[in-house]
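Structure first, then comments.
These numbers were taken from a predicted model, which means no experiment stands behind them.
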Amino acid sequence: MTSNDEYVLQLLTERGYLTAEQVQTAASSMKAENETTLDVLVAGGALDEDTVLGTIADQFGLKYCHLDASAINEEAAKAISADIAKKYGVVPVVADESSVTVALIDPMGYDAVDSLRYVLSGKDVQTVLSPLAEVKAAMAKLYPSEEESTVSTRDEEGLGDAAAVGDDGAVIKLANMIITTAIKMKASDIHIEPMEKEFRVRYRIDGALRKMDSPPKRLQGAILSRFKIMSKMKISEKRIPQDGRIQITVGGRDLDLRVSSVPTNHGESIVMRILDKSNLSLGLPQLGFLSDDQTTFEKLIKLPDGVVLVTGPTGSGKTTTLYACLGQINTPDKKLITVEDPVEYQMSGINQVQVNKDVGLDFSAALRSILRQAPNIVMIGEIRDAETADIAMEAALTGHLVFSTLHTNDAPSAVTRLLDIGVKPFLVASALRAAMAQRLVRAICETCKTSYTPTEREIRMLTGLASGTNATVPDTMYHGAGCDRCGKTGYKGRKGIFEIFKVDDTIQRLIFDHAPATLLRQRAREMGMRTLREDGMLKVASGMTSLAEVLRVTMGDAN
C-alpha cells in the first residue's frame with residue numbers, strides 16, 4: 001500500500017490501531033508475491049485506508065481529505081504540467097498565483113513538497129493525502145494519457161530501489177528518508193561521510209555515533225547535491241566549507257537542521273545538527289539535577305545581578321541548560337536579550353541577536369549595543385575574548401544578570417580561564433557569582449533496566465573513586481539489558497552531571513590575589529561543592545546511569 005509499509009505498521013502499532021500479534025499473523029499469511037503485511041491487514045478488515053492514510057498524514061503534519069475530481073478547476077490543472085506531476089507524483093487540487101495545493105500519488109511521498117518548491121520557484125506548496133482511488137480519478141481527469149504509468153509508483157516503488165523511479169526520484173526519497181529516520185530515532189546530528197569505497201551515514205544518538213545502512217556509492221554526488229539544495233548552499237562550490245540551514249515540520253514538530261559542508265579527499269562531508277524546538281520545554285528538573293543542586297542553581301539564576309557561567313566541552317549540553325534557565329526566568333516584568341552565534345532556537349518573549357561578523361557585529365559589538373536597551377538579563381552564547389568578557393563583567397557590576405558559557409574542564413577553572421584571557425582579577429572577583437561545569441551521561445533505559453550486585457572489581461573501582469569524597473559505594477547497581485526501545489544499547493536519553501562553584505567572600509579574596517585553581521577548588525570543596533564525579537556516583541547509586549558512563553565523561557577530572 002505504501003512505499004515503506006514497515007514504518008507505517010510501526011506507527012499504527014504505537015498508536016494502538018494494531019497489536020504485535022495482528023502484525024505477526026498477517027505477515028505469516030501473505031500469499032501473493034507483491035502482497036504486503038499492510039495489504040493483508042486492510043483486506044482482512046483489521047484496518048481501513050482512512051486509518052492508514054490519516055495516521056501517515058498526522059505523523060508528517062499533513063492534511064488528510066477526500067478528493068472530488070470534478071471539483072478540480074482549470075486554474076489548478078494549469079499549475080503543474082503533466083511531466084512535473086509525473087516526475088514528483090502529485091496531482092494539483094487548488095491553485096492561485098502564489099500557492100498550489102497538491103495530493104500525493106504515494107502516501108509516503110511527503111518529500112515532493114521540497115522538490116516542488118524548488119521547481120516552482122518558491123511558490124507556497126501545500127500537501128494533502130487522499131485515498132488512492134480518488135487520486136487516480138483526479139489524475140485521469142487532468143492527465144488521461146499519463147495516469148497508468150504515474151499512479152504505479154504507489155504499488156511498485158520501493159525506497160531502496162533506485163531503478164524503480166530513476167536516480168532523481170530515488171535521491172529525493174533517500175535524502176528525506178535519511179533525515180526523517182534520524183528524527184524518528186531521536187538523533188542529535190546526522191553525519192554524511194564520503195569514504196573511499198562507501199558512502200557512510202551515521203547518526204549521533206545519546207552522544208554516541210551509530211552507523212546506518214549506506215546509500216549506493218554511485219548516488220553519492222547526487223545525494224550531497226540534494227542536501228546542499230535543501231540547505232541553500234552553492235551546489236557548484238565544492239572547494240571550500242559552507243554552512244546552511246534546513247527548516248522542516250515532521251509529526252507536527254518544527255525542526256531546524258544546521259548544516260555544515262567540508263571538502264574531504266573523497267567528496268564533501270556533510271553534518272546536519274538537528275535542533276528540536278521541543279527541547280525548549282525542558283525545565284531544570286528534566287536536566288538531571290539532584291534536589292539540592294537544583295535548589296542552589298534556581299537561587300543563582302534569580303539573582304538581581306552578576307555573572308553566572310556554564311562550562312564544559314563542546315556537546316556537554318551548555319546551550320540547553322542556558323535555554324532552560326531563560327525559560328524559567330522569562331516573565332513579563334523582565335527584559336531578556338541574548339547574543340548568539342547562531343541563534344539556535346527562537347524563544348517567545350525574548351529578544352535574540354544573531355552575530356554577523358561580515359558586517360562587524362561580533363559578540364563584543366552586539367553586547368555594547370544591547371546594553372543601551374536596558375535589559376534586566378543578558379545571555380551571551382560564549383565568552384571568547386577579553387573584550388567580550390570585560391563588557392560582561394562591567395554589565396554585571398552595573399546591575400545586569402549575565403549568563404554565558406566557557407570551555408573549561410571544571411567549574412573553578414572558569415576563574416583561571418577569565419584571568420588568562422586578560423580580565424582583571426578585581427572584575428572577576430566582583431562580578432562572578434558562580435560557575436557550573438556539566439557533562440552529559442547516557443541514561444539507563446527504563447524499559448530494560450535491571451538491578452544487579454556490583455562485582456568485586458566494580459566495588460574496588462567505586463571505593464577508589466569515593467576515597468576522600470562524600471560519595472558512598474552502593475550495594476545495588478543497575479544496567480540496561482538491551483531492548484527494541486533503546487536499540488539494544490541499554491541506554492535511552494541523556495542526563496547531566498553537575499559541579500556548582502559558588503563565589504563567597506573567601507573565594508573573592510583568593511581571586512583578587514590571583515590564586516591558582518587548586519586553591520579555589522579546595523575552598524569550594526570546604527563549602528560543600530560536589531564534584532562532577534561525586535555527582536555522577538550519586539546518580540549511579542540512584543540507577544539513573546551506569547558506572548561506565550560516569551567514568552567515560554569524568555576520566556580526566558580530579559576529585
List the steps, then state whether side-chain contact (heavy atoms from CB on, under 4.5 Å) holds for Phe199 with Leu224. CA-CA 10 Å; Phe199 185 39; Leu224 292 174; 4.0 Å; yes
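- Annotation for Tyr17: atom OH does not count as buried by contact number, only 12 or fewer foreign heavy atoms lying within 6.0 Å.
- Side-chain contact, Asp189 with Tyr203: no donor N or O sits under 3.5 Å from an acceptor N or O.
- Between the side chains of Ser99 and Gln126, no donor-acceptor pair is found at a separation under 3.5 Å.
- The aromatic ring centroids of Phe498 and Phe289 lie less than 6.0 Å from each other.
- Side-chain polar atoms of Glu134 and His66 form a donor-acceptor pair below 3.5 angstrom.
- Side chains of Glu340 and Gln354: no donor on one and acceptor on the other come within 3.5 Å.
- In summary, the side chains of Glu268 and Ser261 do present a donor paired with an acceptor at a separation below 3.5 Å, with no hydrogens or angles considered.
- Residues Leu67 and Ala103 come closest through the heavy atom pair CD1-CB, 3.7 Å.
- Side chains of Ser542 and Tyr478: a donor-acceptor N/O pair is absent below 3.5 angstrom, by distance only.
- When atom types are taken as modelled, the side chain of Ser130 and the backbone of Cys65 share a donor-acceptor pair closer than 3.5 angstrom.
- Remark: Gln24 CD is loosely packed, at most 12 non-hydrogen atoms of other residues, nucleotides or ligands lying under 6.0 Å away.
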Test Gln247 against Leu255 for side-chain contact (heavy atoms from CB on, under 4.5 Å), laying out the working first. CA-CA 6 Å; Gln247 295 179 313; Leu255 300 166; over 6 Å; no
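- Residue Lys238 qualifies as open at atom NZ: its count of foreign heavy atoms under 6.0 Å is 12 or below.
- What you find for Met139 and Val90 is that their closest heavy atoms are CE-O, 3.9 Å.
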Full working for side-chain contact (heavy atoms from CB on, under 4.5 Å) between Ile192 and Val271: CA-CA 6 Å; Ile192 311 296; Val271 175; over 6 Å; no
Check the pair Leu38, Leu47 against side-chain contact (heavy atoms from CB on, under 4.5 Å), reporting the backbone distance first and the verdict last. CA-CA 9 Å; Leu38 192 54; Leu47 293 167; 3.7 Å; yes
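- Residues Glu193 and Lys211 are not paired through a salt bridge, judged by the lack of any N-O separation under 4.0 Å between the basic side chain and the carboxylate.
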